[in-house]
Amino acid sequence: MFLGKLLSLFSSKPGRGRPRATTATEDRYLSITARRNRGATGSQLSRDLYAATGTRVSRVTVSKRLYETGLFARRPAVCVPLTFTNRKARLAWCREHRDCIMDQWATILFTDESRFNLNTDSRRTFIWRELGTRYLPSNVREINHYGGGGLMVWAGIMLDDRTPLHVFERGTVTSVRYRDEILEP
């Protein structure tokens, strides 16, 4: 009997501890605001909440509330935007080659070039997104600008072989430059 009373004194009772800084409505406001502006920082969302409701919370509290609603701060996926024509041409090519046999693939050379910049974005920007939604259009940041110095590399692969890596130190790769520096040598 005495042990039961003693345990009831130390058991957790509702209402103990620090009260929540935000209400359920304010939590919903934070979640909706973060979903509409996925690139907003925790500090910006904190200021938005204060401007809308008068409730002052820290960026850590904002992160915790968004975590509770299933939103996490993650780096956005980065891609080069494709036009409608590019997407249509790629889809047509895939459909045309879907039934190729191994001997046919052995005659196809895939090439690509990539630019490496010296003065680039550090990619330390984050967005608020749910788990498993990395490549949804709302979570992808498109890039198509190349600022600062850098170099361009080109290479190709095929079924059992690859081309040497070619480095273009300055400028862009034009058809004339491609012919003169890659095809002719």
Should [X] and [Y] count as side-chain neighbours, where that means a heavy-atom distance under 4.5 Å?
{"X": "Asn86", "Y": "Phe84", "result": "no"}
{"X": "Thr22", "Y": "Leu49", "result": "yes"}
{"X": "Arg129", "Y": "Phe72", "result": "no"}
{"X": "Phe168", "Y": "Ile182", "result": "yes"}
{"X": "Thr69", "Y": "Leu30", "result": "no"}
{"X": "Val62", "Y": "Val60", "result": "no"}
{"X": "His166", "Y": "Glu181", "result": "yes"}

Side chains of [X] and [Y]: is there a donor and an acceptor less than 3.5 Å apart?
{"X": "Asn139", "Y": "Thr133", "value": "yes"}
{"X": "Ser31", "Y": "Arg65", "value": "no"}
{"X": "Ser58", "Y": "Thr61", "value": "yes"}

Distance in Å, [X] [atom1] paired with [Y] [atom2], rounded so as to fall on 0.5 Å steps:
{"X": "Trp154", "Y": "Asp112", "atom1": "CH2", "atom2": "CG", "answer": "10.0 Å"}
{"X": "Asp99", "Y": "Gln104", "atom1": "CG", "atom2": "CD", "answer": "9.0 Å"}
{"X": "Asp27", "Y": "Ile32", "atom1": "CG", "atom2": "CD1", "answer": "11.0 Å"}
{"X": "Thr41", "Y": "Arg47", "atom1": "OG1", "atom2": "CZ", "answer": "6.0 Å"}
{"X": "Phe126", "Y": "Arg75", "atom1": "CZ", "atom2": "CZ", "answer": "5.0 Å"}
{"X": "Arg38", "Y": "Thr33", "atom1": "CZ", "atom2": "OG1", "answer": "12.0 Å"}

Parallel, tilted or perpendicular: which describes the rings of Trp105 and Phe110, with under 30° parallel and over 60° perpendicular?
->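 Aromatic pair Trp105/Phe110 classed parallel.
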Enclosure of Arg179 CZ (heavy-atom neighbours >12, cutoff 6.0 Å) |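 More than 12 heavy atoms, drawn from other residues, nucleotides or ligands, come within 6.0 Å of this atom.
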Please say whether more than 12 non-hydrogen atoms of neighbouring residues, nucleotides or ligands are located less than 6.0 Å from OH in Tyr67.
->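 Open: at most 12 neighbouring heavy atoms sit under 6.0 Å from OH of Tyr67.
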Might you point out which heavy atoms bring [X] and [Y] nearest each other, and give the distance in Å?
{"X": "Gly156", "Y": "Thr163", "value": "N-OG1, 2.6 Å"}
{"X": "Ile157", "Y": "Leu109", "value": "O-CD1, 3.5 Å"}
{"X": "Ala155", "Y": "Leu165", "value": "CB-CD1, 3.9 Å"}
{"X": "His97", "Y": "Ile108", "value": "CD2-CD1, 4.2 Å"}
{"X": "Ser63", "Y": "Trp128", "value": "OG-CH2, 3.7 Å"}
{"X": "Glu68", "Y": "Arg20", "value": "OE1-NH2, 3.0 Å"}

Linked, directly or transitively: Val140 and Ile127 (ILVMFWY side chains, under 4.5 Å) |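 Per the 4.5 Å side-chain linkage, Val140 and Ile127 are not co-clustered.
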Following the transitive rule for hydrophobic clusters with a side-chain heavy-atom cut-off under 4.5 Å over Ile, Leu, Val, Met, Phe, Trp and Tyr, establish whether Tyr29 and Leu45 coincide in one cluster.
->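 Shared cluster, yes.
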Return yes if some donor-acceptor pair links the side-chain N/O of Ser46 with the main-chain N/O of Val57 below 3.5 Å, else return no.
->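 Yes; at least one donor-acceptor contact below 3.5 Å.
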